[in-house]
Amino acid sequence: MVARDIRGFEDPPAAVLAEAAAAFGLLASSARLHIVWALSQGESDVSGLAERVGGALPAVSQHLTKLKLAGLVRARREGRRQVYFVDDPDVVTVVRLMVGQLAERAARPAGLSARRGLGG
């Protein structure tokens, strides 16, 4: 049975919540979040990503593998290299919204940011 809250929104099925939690779990790593953030700006190969995020090539490659397996990023072959990109505009929206809001909050005076929530 699907429960409704007081505003009429239905609770998602447990499988959907588990999938969302797994995706957020992958993005809980600052390195992987940085990679997705970089890919939300445009596609890149692993060397370009490693340089941009300041990570070692093998570590960035491992992070990309995990993100790929979770369906958060995809890759296509261009000659001898793999080019990575975020194929889901909703993932891009969520990452840009969260990082953008937190960056905006960090730029506010301390007293103002304590009184406002994430969305405001």
Side-chain angles (χ1 to χ4, degrees):
M1 176 170 208
V2 175
R4 290 186 181 269
D5 73 8
I6 58 174
R7 292 169 292 195
F9 292 104
E10 293 183 359
D11 287 343
V16 171
L17 290 172
E19 187 176 340
F24 280 118
L26 280 170
L27 294 176
S29 157
S30 59
R32 285 191 290 271
L33 183 59
H34 196 172
I35 290 168
V36 173
W37 172 261
L39 291 175
S40 77
Q41 311 303 309
E43 55 190 37
S44 180
D45 65 5
V46 69
S47 298
L49 283 169
E51 184 177 319
R52 179 160 179 188
V53 304
L57 198 67
V60 171
S61 182
Q62 287 177 350
H63 288 307
L64 284 166
T65 298
K66 289 178 182 180
L67 291 167
K68 233 173 105 174
L69 288 171
L72 296 177
V73 302
R74 291 186 46 205
R76 73 170 187 285
R77 187 160 293 284
E78 279 189 4
R80 294 176 50 112
R81 67 186 192 128
Q82 291 269 7
V83 176
Y84 294 89
F85 57 97
V86 179
D87 193 35
D88 186 341
D90 293 330
V91 170
V92 171
T93 299
V94 169
V95 169
R96 284 184 176 171
L97 179 65
M98 177 61 82
V99 173
Q101 288 293 320
L102 293 173
E104 188 178 299
R105 182 190 296 174
R108 290 185 199 138
L112 182 60
S113 63
R115 290 190 302 250
R116 300 186 75 184
L118 178 63

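Worth knowing before you read on, the calculation uses all heavy atoms, side chains too, and leaves out hydrogens, waters and symmetry mates. This one's a predicted model, so the numbers in the text were calculated from it and none came from an experiment.
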According to a 4.5 Å side-chain heavy-atom criterion applied to Ile, Leu, Val, Met, Phe, Trp and Tyr, with indirect links allowed, do [X] and [Y] form part of one hydrophobic cluster?
| X | Y | value |
| --- | --- | --- |
| Leu97 | Leu26 | no |
| Val73 | Val99 | yes |
| Met98 | Leu39 | no |
| Leu33 | Val86 | yes |
| Trp37 | Val94 | no |

- Message: Counting C-beta onward and ignoring hydrogens, is there a side-chain heavy-atom pair between Gln82 and Arg77 closer than 4.5 Å?
- Response: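 In short, these two side chains touch, coming nearer than 4.5 Å.
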- If we only count heavy atoms from C-beta on, is the Ser44 to Arg52 side-chain gap below 4.5 Å?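 No; the side chains remain at least 4.5 Å from each other.
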- Message: Just checking Glu51: does its CD atom have more than 12 heavy atoms from other residues, nucleotides or ligands closer to it than 6.0 angstrom?
- Response: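 12 or below, so no.
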- Look up atom CG in Asp87 and atom CD in Glu43, then write down how far apart they are to the nearest 0.5 Å.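 Going from the CG atom of Asp87 to the CD atom of Glu43 covers 10.5 Å.
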- Item | Straight-line distance of Ser47 OG to Arg81 CZ, nearest 0.5 Å |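 Answer rounded to 0.5 Å: 8.5 Å.
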At their closest point, which heavy atom of [X] faces which heavy atom of [Y], and how far apart are they?
| X | Y | value |
| --- | --- | --- |
| Arg32 | Gly25 | NH2-O, 4.3 Å |
| Leu17 | Pro12 | CD2-CG, 3.5 Å |
| Leu49 | Ala38 | CD2-CB, 3.9 Å |

- Message: Donor-acceptor check, side chain of Ser61 to backbone of Leu57, threshold 3.5 angstrom: yes or no?
- Response: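 The answer is no, because no donor-acceptor pair under 3.5 Å joins these two groups.
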